[in-house]
Each structure stands twice: as C-alpha cells, then as structure tokens.
Amino acid sequence: MADPKGFLTTPREEWPRRPVEERVRDWNEVYVPGALLPIISRQADRCMDCGVPFCHEACPLGNLIPEWNDLVSREDWRAAGDRLHATNNFPEFTGRLCPAPCEAGCVLAINQPAVTIKNVEVAIADRAWDEGFTPPRPPDRLSGKTVAVVGSGPTGLAAAQQLTRAGHTVAVYERADRIGGLLRYGIPAFKMEKRHLDRRLEQMRAEGTRFRTSTAVGADIGAAELRSRYDALVIATGATAWRELDVPGRELGGIHQAMEYLPLADRVCEGDLEVSPLSAAGKHVVIVGGGDTGADCLGTAVREGAASVTQLDIYPLPEAERDEDVDPWPTYPKVYRLSAAHEEARDLETAPSADADARLFAASTLRFTGDSEGHVRALRLVEVDERRRARPGTGRTLPADLVLLALGFSGPDRRDGLVDQLGLALEPRGTIARGPDFGTNVPGVYAAGDAARGQSLIVWAIAEGRAVAAAVDRALTGSDRLPAPIGPYDRPMTA
C-alpha cells in the first residue's frame with residue numbers, strides 16, 4: 001500500500017473519452033489516446049489493500065487486484081504485468097470490455113466511488129505490450145497429447161493458450177474466416193480495436209497454437225471424425241442461438257437479429273466490405289433489448305449515420321444509486337449507467353422521445369407494421385409495469401425502417417450439427433450439460449464458456465477457458481499443473 005491515505009485524498013478520475021462529435025466520425029476506440037498513464041498511478045494509490053479484498057470474489061478470474069494496484073502506484077510496470085497475467089490471459093480485452101464487477105465489490109465502494117480497477121488493468125496490459133513484457137511462452141517440451149478446441153472466442157482462446165503452454169498440441173477450429181469469435185465479429189471496433197486481438201493471436205501462434213479458420217465442425221468436418229483425431233475435444237462455441245420476438249409483423253423485411261447486423265459493420269472495418277448491406281444510414285432505427293449488445297448496435301447505427309435511433313428496454317429506469325435492500329454491496333447493482341454509445345446518442349439527440357439518452361424504459365413491443373412491399377415502417381409499443389403488464393393508455397408508435405433484435409441468447413446454435421453428431425446431452429435451457437470436471441456425457445469431450453454456462457461476461461468466459469484447460473490437462477497427464485479459477489457450477493455473487 002504505497003499511500004495509506006490515497007483513498008482519502010485522491011478523488012476517482014476515469015480515462016477521458018474523446019469528444020462525441022469527433023469519435024462518431026470514426027471507428028477508433030472512444031478514449032483519448034495517451035490520457036490514461038498520467039493519472040493511473042494516483043488512481044492505483046486509492047486502493048486500500050483491504051484485509052479481505054472482496055474485489056477478488058467479485059471477479060471470477062481471481063485477479064490479484066491489490067497487488068498490482070500497489071505495483072502500479074510504485075510504477076513497477078513489469079512486476080504489475082506479471083501479477084496481472086498470472087490470473088488473466090487477455091487483460092487487454094477485459095480492461096476494455098468487462099463491465100467491472102470487481103469495482104462493484106471494491107470495499108471503498110461501500111461509501112465512496114470505487115477504485116478505477118478496470119482502468120488500472122488496461123494500463124498495465126498496454127504498458128506490458130509496449131515495453132515488451134509479454135513475449136511468447138512456448139512450452140519447454142511437448143507432451144505428445146493433442147487437443148482440438150472448437151470456437152475461438154475468449155473461452156476457446158484462453159483454453160488453447162493454457163493447454164499449449166502446458167505442452168499439448170492444440171488446434172483451434174473456427175467457422176468464420178478469421179479467429180476471434182465475438183471479439184472479431186460482434187464487438188464493435190470503437191469498443192476494442194482489432195489490433196489488440198491480432199497481436200495476441202500472433203503471440204499464440206509463436207507459442208505453437210494452430211488455427212483452422214472457415215471450418216464449421218459438424219458441417220465442413222464431422223464432429224465424430226474430429227473427436228477421433230484428438231485425445232480431447234473442447235467445445236467453446238458460445239451461446240449463439242439468439243432469442244426471437246414472437247409478435248405480429250415479425251416476418252416483415254428490415255427486422256434483423258443484432259448478430260446479423262454487428263458482424264457486417266466489423267467487416268467494413270476489416271476492409272471486406274465498402275458498405276454494410278444492413279447499414280443504418282438515413283434510416284429510423286429501433287433496437288429491441290436494453291443490454292450491452294443493444295448498446296453496441298446503438299453506437300454502430302450512430303456511426304453509420306442513422307436518421308434516428310431508439311433503444312427499448314423492458315425493465316424500468318434504474319436508480320442512480322445502489323439499492324442496498326435489493327443489490328447490497330458487494331453484488332453487482334442494477335443502476336443507471338451511461339455507456340459511450342448512450343452518451344453519444346444523448347448528446348446527438350438521436351431519440352427525442354426517449355426517457356433518457358436513446359432509451360425508452362419499461363417498453364414492450366406489441367407489433368410491427370409495414371408498407372405495401374412488405375418492409376417494416378413502424379413499431380407499436382406499450383409501457384409496462386414491474387410485472388410486465390401493459391399500462392392502459394400508454395401505447396405509442398415509433399417510425400422504424402430498421403429493427404434490430406438484441407434479446408440475448410439461449411445456448412449453442414445446433415444448425416451445424418456438432419451437438420447432435422456427438423450426441424451431447426443438453427440442459428433444459430438449451431446449454432450443454434457437463435459434470436464437475438467440465439466433461440460432457442461423451443468421454444473425452446469437454447464443454448466450456450457460454451455454450452455450457454449460458455450468456456455471461458468476458459471475465460467468466462476467460463475463467464471458464466482456464467478452468468476447462470486445467471481439467472483437460474489433469475485428464476491427459478494426471479497432474480494438477482494448471483490453475484482452475486472456477487468450477488462449472490460457480491455463479492456470480494447475488495443477494
């Protein structure tokens with residue numbers, strides 16, 4: 001603890017964002033380049049080095065937060081990078097994309113603004129790359145065992161890196177043309193530029209991990225055939241079966257799933273397309289769903305030049321402060337948060353009729369109506385109470401040329417045949433069933449990440465990847481060499 005009074009004398013200061021008018025004209029990350037390092041050592045000084053650091057429990061990775069806060073406050077960046085990477089394979093991803101449940105669990109947050117843990121994390125990660133503190137770590141020797149990982153999102157990549165470093169020969173199979181899963185085609189570039197992903201993949205290639213793109217397991221290669229080639233198979237395909245909205249007019253043209261829309265914008269940034277075929281340019285856009293995916297659609301539509309953008313959230317407007325009776329510390333509270341995309345929509349007034357920024361809260365979609373050519377032109381909604389019952393007299397109609405459904409995901413997509421060809425057992429909610437060792441009902445086949453856990457945060461995805469790697473390594477070698485931060489039945493802290 002470098003400054004025992006830091007939390008008393010230093011106010012919370014966050015990484016500043018670029019002006020809205022500037023950043024909506026490009027796809028670069030929203031933060032001011034170079035503005036974090038001048039403030040971050042002082043912010044790390046605010047960490048109290050608690051006797052019981054609840055931030056550890058709030059993060060499934062078990063990040064050693066007080067330790068690397070202390071090292072950053074002393075500007076020992078190499079040691080801080082070592083402690084950060086001891087528990088997290090990809091802190092440059094989590095430092096940009098995670099909603100930071102660790103900050104909700106910060107002891108300082110009981111009665112003050114929490115330590116800026118997320119900003120400290122990304123500062124360490126970026127400094128480690130800039131200073132060359134993250135070289136490839138190939139194994140000293142090979143085990144002679146082979147593992148196939150299906151899916152290249154954060155779970156699959158974390159599992160692959162851990163197993164490769166343990167000496168196993170690992171191949172990652174990805175159905176898209178590039179590696180990265182949602183990190184590549186789903187997360188907008190303004191939240192995380194793909195150069196961060198690319199350099200990590202180069203590190204993994206140098207360590208020995210092999211990548212097989214444009215290969216849908218179950219379609220391009222039989223799942224059973226793939227299983228026969230390897231000593232172990234890890235299913236980390238994510239929860240890509242999107243939820244539908246069963247209301248009149250759903251069949252109209254111009255209504256798309258968020259994950260049909262977002263990857264096309266990413267492909268424009270990759271240079272594959274000049275313009276997205278689903279571009280929001282000049283259109284009245286309505287996003288159904290109030291979560292992070294909906295916010296990603298919002299920021300994307302704003303950058304594409306939409307005429308208007310409104311986001312519908314079926315939940316009521318959250319309070320500004322934590323409700324200790326409902327979400328007591330150190331759980332992650334449901335409070336009003338202003339993401340970069342919502343800040344942009346608010347300042348640009350993309351939805352003048354919205355309750356706050358671009359969002360309409362407690363709003364439920366009743367039906368879509370279209371024109372004579374079968375294209376959506378309007379969305380009819382109604383305000384609902386806490387039990388989602390319609391409030392009389394609250395109906396309204398929004399113009400809608402493009403509707404994006406961001407309602408979450410229920411489990412792995414079964415259309416490619418992987419699940420059925422292997423004969424994997426499923427949970428009632430559609431996720432892959434597994435035992436305490438992450439193993440499925442098929443010997444030698446393991447399941448991890450959203451495909452088995454269900455839709456979750458990136459920190460849980462990476463923790464799952466590290467944990468399933470430990471389970472596979474134990475089965476192949478009989479040793480406990482790799483860390484397992486979580487078990488398959490662990491869940492976030494709740495009241």
Side-chain angles (χ1 to χ4, degrees), residues 61-62 82 84-91 133-174 179-181 199-213 215 217 221-237 418 422 424 432 434-449 451-452 461-488:
L61 286 165
D82 290 343
L84 179 57
H85 281 93
T87 57
N88 186 351
N89 295 73
F90 313 124
F133 298 155
T134 54
R137 292 171 47 198
D140 294 330
R141 67 180 69 179
L142 296 178
S143 67
K145 301 294 185 179
T146 59
V147 182
V149 177
V150 184
S152 68
T155 297
L157 292 179
Q161 186 168 65
Q162 291 293 96
L163 289 166
T164 297
R165 289 176 171 179
H168 307 303
T169 299
V170 180
V172 178
Y173 288 79
E174 169 57 52
I179 294 294
R199 69 184 176 187
R200 185 61 79 171
L201 294 176
E202 285 305 307
Q203 180 199 53
M204 293 180 65
R205 288 188 179 96
E207 291 172 346
T209 301
R210 303 170 183 177
F211 295 104
R212 306 283 187 265
T213 56
T215 305
V217 177
I221 181 174
E225 177 188 349
L226 186 69
R227 170 67 190 95
S228 68
R229 293 184 189 178
Y230 293 87
D231 294 305
L233 178 61
V234 176
I235 308 299
T237 54
L418 183 153
L422 288 174
L424 297 176
I432 299 173
R434 57 187 179 175
D437 63 348
F438 291 85
T440 68
N441 61 303
V442 180
V445 178
Y446 300 79
I462 296 173
E464 286 257 337
R466 290 172 67 86
V468 74
V472 171
D473 182 62
R474 185 166 53 250
L476 295 179
T477 67
S479 63
D480 288 303
R481 300 181 298 168
L482 296 179
I486 59 171

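Just so we're clear, the structure is a prediction, and the values are computed from it rather than from any experiment.
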Chemist: With a 4.5 Å cut-off on side-chain heavy atoms, are L201 and R205 touching?
Modeler: yes
Chemist: Roughly how far, to the nearest 0.5 Å, is the OH atom of Y173 from the OG1 atom of T213?
Modeler: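 OH of Y173 is found 11.5 Å from OG1 of T213.
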Chemist: Using side chain to side chain contact (heavy atoms under 4.5 Å, CB included), reason through D473 and R481 one step at a time and then give a plain yes or no.
Modeler: CA-CA 8 Å; D473 182 62; R481 300 181 298 168; 2.5 Å; yes
Chemist: Counting C-beta onward and ignoring hydrogens, is there a side-chain heavy-atom pair between V217 and E225 closer than 4.5 Å?
Modeler: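 Result no, sub-4.5 Å side-chain heavy-atom pair not found.
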Chemist: Excluding sequence neighbours, so at least two apart, what forms side chain to side chain donor-acceptor pair (under 3.5 Å) with T87?
Modeler: N63
Chemist: With a 4.5 Å limit on heavy-atom distance, are the side chains of V234 and V147 in contact?
Modeler: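 V234 vs V147: side chains touch.
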Chemist: Between T146 (side chain) and D231 (backbone), is there a donor-acceptor pair under 3.5 Å?
Modeler: yes
Chemist: Distance from L61 atom CG to E464 atom CD, nearest 0.5 Å?
Modeler: 11.0 Å
Chemist: Is the closest side-chain heavy-atom distance between K145 and Y230 below 4.5 Å?
Modeler: no
Chemist: Report the residue from T155, N88, N89 that forms a side chain to side chain donor-acceptor pair (under 3.5 Å) with R466.
Modeler: N89
Chemist: Going by heavy atoms in the side chains, are F90 and I462 under 4.5 Å from each other?
Modeler: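 They are in side-chain contact.
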Chemist: If you define the side chain from C-beta out and look only at heavy atoms, does anything of T169 sit under 4.5 Å from T164?
Modeler: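 A side-chain contact under 4.5 Å is absent here.
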Chemist: With a 4.0 Å cut-off, would you call R199 and E202 a salt bridge?
Modeler: no
Chemist: Hey, does the side chain of E174 reach the backbone of V150 with a donor-acceptor pair shorter than 3.5 angstrom?
Modeler: no
Chemist: Decide yes or no for L422 and L233: does some side-chain heavy atom of the first lie under 4.5 Å from some side-chain heavy atom of the second?
Modeler: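 Yes, close enough: below the 4.5 Å cut-off.
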Chemist: Are L157 and F211 close enough that some pair of their side-chain heavy atoms sits under 4.5 Å apart?
Modeler: yes
